[in-house]
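Structure first, commentary second.
From a predicted model like this one, the values you see are computed outputs, not experimental measurements. Naming: A, B, ... by sequence-line order, numbering from 1 per chain. Heavy atoms only: backbone and side chains are in, while hydrogens, waters and symmetry mates are out.
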Number of protein chains: 2
Amino acid sequence: MTRPLNLEEVGRRAGVSRSTVSRVVNGGPNVSSETKRRVEAVIAETGYRPHAAARSLASNSTGVIGLVIPSAVATLFDDPYFGRLILGISSATNEVDMTLALFLFGAGPDESSIISRVVAPGLVDGVIVTATTRGDPLIDHMQGTSMPFVVVGRPDNAGSTFCVDVDNRAGARTAALHLAGLGRRRPALIAAPSNTTAGVDRRSGFLEGLAEAGLSIEDRIAEGDWSQESGRDAMARLLAERPDAVFVASDRMAVGALRAIREAGLHCPGDISVVSFDGIVPPDLTAPRLTSVVQPVTEVGERAVRLLTAVIAGASTPEHVVFPTELAVRESCGATPTAGA
Amino acid sequence: MTRPLNLEEVGRRAGVSRSTVSRVVNGGPNVSSETKRRVEAVIAETGYRPHAAARSLASNSTGVIGLVIPSAVATLFDDPYFGRLILGISSATNEVDMTLALFLFGAGPDESSIISRVVAPGLVDGVIVTATTRGDPLIDHMQGTSMPFVVVGRPDNAGSTFCVDVDNRAGARTAALHLAGLGRRRPALIAAPSNTTAGVDRRSGFLEGLAEAGLSIEDRIAEGDWSQESGRDAMARLLAERPDAVFVASDRMAVGALRAIREAGLHCPGDISVVSFDGIVPPDLTAPRLTSVVQPVTEVGERAVRLLTAVIAGASTPEHVVFPTELAVRESCGATPTAGA
DNA sequence: TTTAGGCTTGGGAGCGCTCCCAAAGGAGGG
DNA sequence: CCCTCCTTTGGGAGCGCTCCCAAGCCTAAA
C-alpha cells in the first residue's frame, strides 16, 4: 500500500515536518540551507506536486483567471481577433504563473449554468470579460457579485468598471482624414454592429474626421455584422452610390468589400480607396494589400491580465486603459503605388 | 460582521444541517420535498454557490479539463483550425458541465513550469493534448504521470494512448485519385512538415493514391510549414517542374499556392488543378473556390472530450477514434465550371 | 404488540494545504 | 553569566466540502 504523496509524507521522508516542507515549496524564508537541500532532494526524487485544490482552499486564491466570451462564438471564432487576444492573455498569465480558464458561451439555455460556474467562489480569482454588446446584462451581473473582473472594450457604464480598450474613435478619425487627404470626395462607411461600443466608436470617429475635412457621407453608410460575407453585401449595396472611398470597420469585412469591388468590375484603389480597421489579416492575404488602422490586440490582452491582477490584489478605483492605434498605409488606399496588380 | 456563506450557514438559515443542504445542492436522494423546498428558497435568496476548491478537495475531482497546445503557438493561432477545435471542445465541456483550462506553450524556458501546472493534482481532472510533433517528449512525459489524457492526432507510440484523429491518409489518397480521374498527369505535392504525423500521413496517402492511379510524382514535392507564406514559396518553386495539378496539405498553404499561381501568370484550374486539405478556410475567400478534403474539426474536439471523460472515469484499454474525411469538390480542381473568373 | 426495514437527518472524519503561534536553540550584548 | 532577540522548527486550527455511519422516526408485516 503506497501512501498518498502529500506534504506530510514528503516531510516524513525528509525527516522534517509538514510546515517546513511547505516553506521550502513556497520559497519561504527561515529555512536552513541544509534542511532546504534535503527537502528538495526528496521532492525531486518523489516527483511531489502540491495539490492545487487544497492550496486554493487554504489560501483562498486559485491562481486561475477566467476569460469569458459570450454569444455568437461560432462566427466570432473565424475572426483572428480572438486568437490574438487569447494569445496575449495566455502569455501574460503564463508569465505570472497563473492558469487560463476559457468560458465560451454558445447560443442556448446553458448560459446561466456557465455564468454560475464563472462566478462560483474557488474556481477563478478573477475574470476578463470580452465581446460584450451594449447594455450587456453580463456586465451588470458581474457587478452584482464580488468576483473581480476587467472588461476588454468599453462598456456603456464604463465609469464603474475596470477596462482596457483601444482608441477606436481616434483611429477611425485618422482613417477619415487620410482618405480626405488623398483627395477623395465621396466617402462611404461600412460600419460594425451598432450594438457594440466598438462599432459605435468607429462610426462616430469616422464621421467626426469627415466633418473636420469638410466632407459629408450622405447615404453612403451600410452596417455589417463583422463577417466577411456582410462586408461583401454592404459594399455591393454601397456601390450604387458611386463612392470613391470606403472605410470598413474591420479587416474581415474589408476582405469581403474588396471582393465586391472586384466583382463589380471596379478597381481598388484606382476607382475606390479602401481603409479598414484591425490590422489583423496578414497583409499578403489580399490584393491589393489592405491599408488599415492597426490595433495592438496582443498588448490589450496582456494589459488586461495585469490590470486584473491588480484588481484581485485589491485595487478599487476603476481604471481605464486606452491603447492608441496606428495607421498602416499599404496599397488599398491608393497612397502608394500598387505592386503587382 | 457578515459571516461567510457556506453550507453550514445556509443550513443554519434553513434550519437544517450542512449535510442536508449538501444533498439538496447535489440533487441527492433522501430529502423530503418540504425540506428541499425550504433549502432551495434560502439558496435562491442568499445567492449561495458551492466553493469549487473545497468541493474539489473533498471529492477529488475538479470538473476542469485542460487543453494543451505546445510550441510555436503564435503562428499556429492564425490557423482557423485551432479556433474550431477549441470551439468543439468548449461546447462539449459546457454540455457535461465542466470547465476548460487552456495551456498554451510559447517558445521559451517557461515550458517546464507550465507542464508542472498541467499535471499538478487538483487542478484538472484530465488533459487533451494537441499539435504534437513526432517524438514529442510531452507525450512521454504525460505517460509518466497518472494524469488521464487524450491526444488529438496520431502520436508515434499511439498504441498505448487514447487518441482522436482524422483519416489523413485516406483523405489524401482520395485527393490523388480525384486529380488522376480528372486526367491530370503531372501531379505535385506541397506537403506539411514531416515532423508531424498529419504531415506524414497526408504525404504517404497522396503518394499511395498516385501509385494506384499509375502516376508518379518525381521531383514535384515541396514541404511547407503550414503557413500561407510557405505555401506560396513552395508553389513558386514547384512551378519550374510544370505540374498540371497540386495537392496542398492544408488550406492555408493552398491560399498561398493559389497566389503563387496567379503571380506566375498561370490560371487555376485551367493550367493547374488544386486540391487542399482541411476544409476550414471559408470557400468564398478564395477565387477560385478551393476543392478540399474536409476534416470534421469540431466533431474531433467534441469526441476528444467524451473520450477523456471516459478515461477519467476509469477506461483503461487505449481507444483510437478515427474520423473519415470528405472531399468537397468546388472550383479549384477543375471538375466543375468556374464561376466568375 | 413487537420487530424489521425504509426514509430522513445530523454530525464526525478527513481531503491537503496555509497561517499562526509557541517552543527550542544559538548568538550577542550588558 | 544572564537575558534578549533572532532564526529555525513543529504542530494546532481551520478553509468548505463530501462521504459515511448512526440515530431517529414512521410504516408495515408478523
Measure from [atom1] on [X] to [atom2] on [N] and round the result to the nearest Å.
{"X": "B:L57", "N": "D:dC19", "atom1": "CG", "atom2": "P", "value": "12 Å"}
{"X": "A:L7", "N": "C:dG16", "atom1": "CG", "atom2": "C1'", "value": "7 Å"}
{"X": "B:L123", "N": "C:dC15", "atom1": "CG", "atom2": "P", "value": "20 Å"}
{"X": "A:N60", "N": "C:dC20", "atom1": "CG", "atom2": "C1'", "value": "16 Å"}
{"X": "A:N6", "N": "C:dG14", "atom1": "CG", "atom2": "P", "value": "14 Å"}
{"X": "A:E8", "N": "C:dG14", "atom1": "CD", "atom2": "P", "value": "13 Å"}
{"X": "A:E34", "N": "D:dT9", "atom1": "CD", "atom2": "C1'", "value": "14 Å"}
{"X": "A:H51", "N": "C:dC17", "atom1": "NE2", "atom2": "P", "value": "8 Å"}

inquiry  = When you compare the side chains of B:R55 and B:N60, does any donor N or O come within less than 3.5 Å of an acceptor on the partner?
reply    =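 No, no side-chain donor-acceptor pair sits under 3.5 Å.
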request  = With heavy atoms under 4.0 Å as the rule, sort B:P50 into base, sugar-phosphate or nothing.
outcome  = sugar-phosphate
query = Is there any salt bridge (Lys or Arg N to Asp or Glu O under 4.0 Å) pair reaching into residues 14-29 of chain A, and which pairs are they, with sequence neighbours excluded?
reply =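 Every salt bridge (Lys or Arg N to Asp or Glu O under 4.0 Å) pair that includes a residue of residues 14-29 of chain A, provided the two are not neighbours, is A:E8-A:R18.
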task = Record whether the side chain of B:R23 comes under 3.5 Å of the base of D:dT18 through a donor-acceptor pair of N or O atoms.
result = no
Under-4.0 Å side-chain N/O to phosphate OP1/OP2 contact, [X] with [N]:
{"X": "B:S59", "N": "D:dT18", "value": "no"}
{"X": "A:S56", "N": "D:dC15", "value": "no"}
{"X": "A:T20", "N": "D:dG10", "value": "yes"}
{"X": "A:S19", "N": "D:dT9", "value": "no"}

message = Less than 4.0 angstrom from a charged side-chain N to a carboxylate O is my criterion; do A:R37 and A:E40 meet it?
response =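 Salt bridge flag = no for A:E40 with A:R37.
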ask   = Are B:R38 and B:E34 close enough for a salt bridge, meaning some N to O gap below 4.0 Å?
value = yes
inquiry  = Go nucleotide by nucleotide along DNA chain D from the 5' end; which of B:R49 and A:S17 gets its closest nucleotide reached first?
reply    = A:S17
request  = For A:S32 and for A:R18, locate the closest nucleotide of DNA chain D by heavy-atom distance; then report the residue assigned to the nucleotide nearer the 5' terminus.
outcome  =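 The residue closer to the strand's 5' end, by nearest nucleotide, is A:S32.
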task = State, yes or no, whether a side-chain contact exists between A:C163 and A:V150 at a heavy-atom distance under 4.5 Å.
result = no
key: Residue whose nearest DNA chain C nucleotide is more 5′ - B:A58 or B:S33   =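 Closer to the 5' end of DNA chain C: B:S33.
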